[in-house]
Amino acid sequence: MAVRTRIAPSPTGDPHVGTAYVALFNQVFARSRGGRFVLRIEDTDRARSTPQAEQAIVDALRWAGIGWDEGPDVGGDFGPYRQSERFALYRRHANDLLTAGKAFRCFCSAERLDEMRRRQQANGETPRYDGKCLALPKPESLARAASGEAHVVRLVVPGEGLCRFTDGLRGTVEIPWRQVDMQVLLKSDGFPTYHLAVAVDDHLMRISHVLRGEEWLNSMPKHVLLYQAFGWEMPAHSHLPLLRNPDGSKLSKRKNPTGLDYYRRMGYLPEALLNYLALMGWSMADEREVFSVAEMVECFDLARVSLGGPVFDLAKLDWMNGRHIRALSADEFMARVGAWALNRDRLAPLAPLLQHRTERLCDLVGKVDYLLGDRPPLAAADFAHKTLSEADCKRLLDHIARCLDEVAEWRRDALQDALKSLAVKMDVKMRDLLAPVFIALAGRSVALPIFDSLAFLGRDVARIRLRTAIDALGGLSRKELRRLERAYRDVVSG
Ligand code: GLU
């Protein structure tokens with residue numbers, strides 16, 4: 001059977017380093033077996049998916065050096081490769097399941113489901129659909145649907161026994177059916193959920209091997225049922241270990257840079273990043289640490305993927321990046337520096353800011369240091385201010401970070417509007433609100449205009465600088481974080 005793998009990102013946020021990690025393993029596995037690698041865009045969440053996010057994912061993966069043989073941008077024989085263009089297929093397959101009695105229509109109201117969930121939680125049970133509509137006679141179910149009554153389609157799940165399946169890395173896995181919910185497959189608006197769409201697409205796109213994040217392991221029983229219900233052969237599934245923060249929790253943007261854009265802007269070489277991501281879940285038989293993707297393809301063996309929770313360690317990545325930089329020829333090195341930031345496109349937004357503030361061209365260097373380079377490490381004393389205490393600065397930076405996370409489009413004007421409205425809601429002067437931001441971004445209180453700086457740095461770099469500034473002020477305990485989160489909600493809800 002021809003080997004076909006895929007990466008299936010949802011375009012609902014900024015390109016994540018975890019997507020590059022899973023993509024790398026799928027690409028390498030396919031190449032090592034002479035197979036094909038597919039990009040599929042999982043945009044079934046219509047409220048949260050945007051074309052801009054899709055474009056950003058495609059660009060970021062390409063920057064990282066990931067390449068696919070089939071996908072929405074390159075075509076292929078098994079398209080369309082965007083789930084939003086496949087809705088008719090999912091509806092047809094959901095109907096097939098209804099006809100075969102493998103799925104049922106559920107007419108329960110949101111209130112009933114809420115009430116049921118609350119009751120189950122109060123009894124210490126895992127929330128799970130109780131099966132009320134499973135008992136509806138078929139003619140009644142049909143008639144109610146025909147009369148236009150709102151409903152979803154759910155998967156029929158066995159009440160007892162074990163679901164047994166094979167994971168390529170874990171061997172046989174058993175999950176009791178009673179832990180598995182009667183999953184909604186088609187929502188009341190007729191849109192599919194991930195579970196239906198992923199099974200239909202992996203089958204129709206002839207995916208032979210699914211390598212995906214560990215967080216999907218518990219969804220396997222639903223997928224096993226779907227494949228059985230359709231009578232399809234299931235692809236081999238392997239669930240890769242999740243990347244972790246140093247404290248063992250799942251890699252998160254609050255604790256680590258998770259956006260691929262951060263690594264691009266800070267001058268990591270894509271091949272160093274991929275080399276590092278490769279080592280997160282896998283090792284060469286000879287324990288060599290520095291290698292190229294081509295060498296990884298040559299030596300790849302799925303059996304060498306290890307299941308320990310790999311900790312994302314920036315210091316190790318920096319070391320790795322240095323190794324790759326030193327291995328470049330002088331010419332290549334200069335080309336990389338140019339491609340990184342010393343080029344017209346990247347510098348263009350700075351020109352109008354600098355031209356009016358410069359007497360000698362050499363003054364430019366000191367003005368853009370924090371925009372092209374990292375900012376110096378901070379200490380609490382750097383935030384000294386005539387009216388703001390350190391605690392005030394922490395609270396402001398926390399709220400500013402939350403507010404900026406909610407700005408949909410990272411553009412100068414949108415950033416300015418968001419922080420202006422935050423200042424009004426917090427009843428602080430804009431100048432005071434921005435004082436700690438200057439320090440957080442630039443390490444000093446006088447710098448180029450703040451909103452241009454934020455726009456230039458990008459969301460991921462800005463987030464990290466705000467976070468490490470809070471750390472310099474002593475950081476936030478879990479309790480303080482919770483308190484600030486509540487305080488922020490109160491502020492923005494007015
Ligand atoms: N859209 C899912 C995600 O972004 C894909 C999971 C899968 O690979 O099946 O995580």
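Start at 1 and go down the list; that is how both ligands and their atoms are numbered.
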A cation-pi test, strictly: NZ or CZ of R144 under 6.0 Å from the centre of the six-membered ring of F107 and no more than 45 degrees from its axis. Yes or no?
yes
Mind listing the N or O contacts between ligand 1 and protein, cut-off under 3.5 Å?
| residue | atom | partner | partner atom | Å |
| --- | --- | --- | --- | --- |
| ligand 1 | 1 (N) | A8 | O | 2.8 |
| ligand 1 | 1 (N) | S10 | OG | 3.1 |
| ligand 1 | 1 (N) | E42 | OE1 | 2.6 |
| ligand 1 | 8 (O) | R6 | NH1 | 2.5 |
| ligand 1 | 9 (O) | R6 | NH1 | 3.4 |
| ligand 1 | 9 (O) | R6 | NH2 | 3.0 |
| ligand 1 | 9 (O) | Y194 | OH | 2.5 |
| ligand 1 | 9 (O) | R212 | NH1 | 3.4 |
| ligand 1 | 10 (O) | W216 | NE1 | 3.4 |

Beyond-backbone contact of R92 with L89, side-chain heavy atoms, under 4.5 angstrom
yes
Could you tell me whether D130 and R112 make a salt bridge, using a distance below 4.0 angstrom between a side-chain N and a carboxylate O?
yes
Report yes or no: is the cationic atom of R4 (NZ for Lys, CZ for Arg) under 6.0 Å from the centre of the six-membered ring of F78, at an angle within 45° of the ring normal?
yes
Ignoring hydrogens and angles, state whether a donor on the side chain of Q121 or R117 is under 3.5 Å from an acceptor on the partner side chain.
no
Applying side-chain hydrogen bond (donor to acceptor under 3.5 Å, both in side chains), which residue pairs with at least one partner in residues 10-27 are found, sequence neighbours left out?
D14-R459
